[in-house]
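This report refers to the structure that appears directly beneath it.
Any value given below was found using the heavy atoms of this structure, including those in side chains, with hydrogens, waters and symmetry copies removed. Each chain gets a letter, A, B and so on, in the order the sequences are listed, and its residues count up from 1.
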2 protein chains.
Amino acid sequence: MTTPSIAGSESHGTRRQLLDAAEQLIGEQGVDRATVRSITDLAAANLAAVSYHFGSKDGLVREVFARRLRPINRQRLEMLDQCLAQPGPPDLEGIVRAMVIPPFRVLSADQAPNFGRCMVRVLSDPSQEMRELLMEMFQEVIERFSGALIQALPEQDPAEVFWRFHFMVGTMAHTLGMGHLVEEYSGGVSHMRDLDSVSERLVRFVTAGMAAEGTG
Amino acid sequence: MTTPSIAGSESHGTRRQLLDAAEQLIGEQGVDRATVRSITDLAAANLAAVSYHFGSKDGLVREVFARRLRPINRQRLEMLDQCLAQPGPPDLEGIVRAMVIPPFRVLSADQAPNFGRCMVRVLSDPSQEMRELLMEMFQEVIERFSGALIQALPEQDPAEVFWRFHFMVGTMAHTLGMGHLVEEYSGGVSHMRDLDSVSERLVRFVTAGMAAEGTG
DNA sequence: GTCTATAAGTAGATAGAC
DNA sequence: GTCTATCTACTTATAGAC
């Protein structure tokens, strides 16, 4: 009698330990340098366990990303719906907040400090297979948010709004994944210890950038 | 009688072709997936040529980055000096411009469209060796620009300014390296064909974010 | 300077015992 | 479900001929 496996939940112990170990090592070293052997060693599992549970290394890597991105993107769309349901003109800061806050929340709540580094790594260094997964997981978010921003910034050319959306994604990814560098830059003046204050700083910066005047 | 080799200049044909091929393949595939074999094949050189000219794959990779980053960071510091030499209070937009414009200029002038992708890849996915090179090449830029920004934003907490510097680097890297994605997002509405207009959009966005009000 | 040939190591995947 | 042992493929680096 095996435990019924609910996709994305804790399910079997070994399976979950493999995901945790993979997330940690991919965050520390990158997808290519995190070998199946190092992952199974850290998870205290056998080398063959990856093939058994995920079919291949690629299957494991896909699930590492999918298990965090599913709740993050669900929260984003829920917050966007709430924001757009308010009466009056669309609230620019609310839209930015709906995009920026959920990943910080999930990383904080799930105690998943390594996932930010995993994310920025594949975002900028995707293999062909990861590119497909990312497109699949982000398509709805991209469409809904860029549409909302175009409505919220009616005086801006849509081409400018798409660029500003892209700028937002860039700051967000770099902050989630490389925020630890700021501690070095600044000699400890800035730090990532309080994720809430970092995400608030980010919301302020991005909202102001979004609201900048257009080309003269 | 061999051609005297000036570091960073065109020097020997094979050497330069190896650098160009490496830049292209690292941009397309990442450092780890770009093998020495694929690089020497594309450069129409022999497998052993990398060891001969650069000592190792790591030596080749380092020079791929150093040959573009040297002029980029030199231009940045020159533009910052000019900006700070102006009378009156430091010009925020001028500082942002000094950081943002040089990489776009060098990529455009050197016909090096792949270098942006190389850069964002190692920035977010550095091996231990690359981390050292990046620290070495960026230390002066980080110190000078963060200092100038703290002066230009006297009403802001330095911790906030360091974060905003980090946000700027994030948008810039993501735009230089992943700008081609915007063409997909936007269904062709936005594009990277005119680098000058992209860098101007970026300067506007970042300057507005830098100038945002602080915490209440 | 350029080449061939090969060394020495490590990757992911899997067959088959338990 | 878990394990050991092994296969095949590919990596970088290098010795030594030309």
Can you list, in residue-number order, the parts of residues 33-58 of chain B that come under 4.0 Å of DNA chain C, counting heavy atoms only?
B:Asn46, B:Ala48, B:Tyr52, B:His53

In whole angstroms, the gap separating P of C:dG12 from CG of A:Leu18 amounts to 14 Å

Should A:Asp20 and A:Arg16 count as an ion pair when the cut-off is N to O under 4.0 Å?
yes

Does A:Arg33 have any side chain to side chain donor-acceptor pair (under 3.5 Å) partners at least two apart in sequence or in another chain, and if so, which?
B:Asp32

Using 30° and 60° as the class limits, which term best fits the ring planes of A:Phe165 and B:Tyr185: parallel, tilted or perpendicular?
perpendicular

A:Glu200: salt bridge (charged side-chain N to carboxylate O under 4.0 Å, His left out) partners, not counting sequence neighbours
A:Arg97

Considering residues, nucleotides and ligands other than B:Glu28, do more than 12 of their heavy atoms fall under 6.0 Å from its CD?
yes

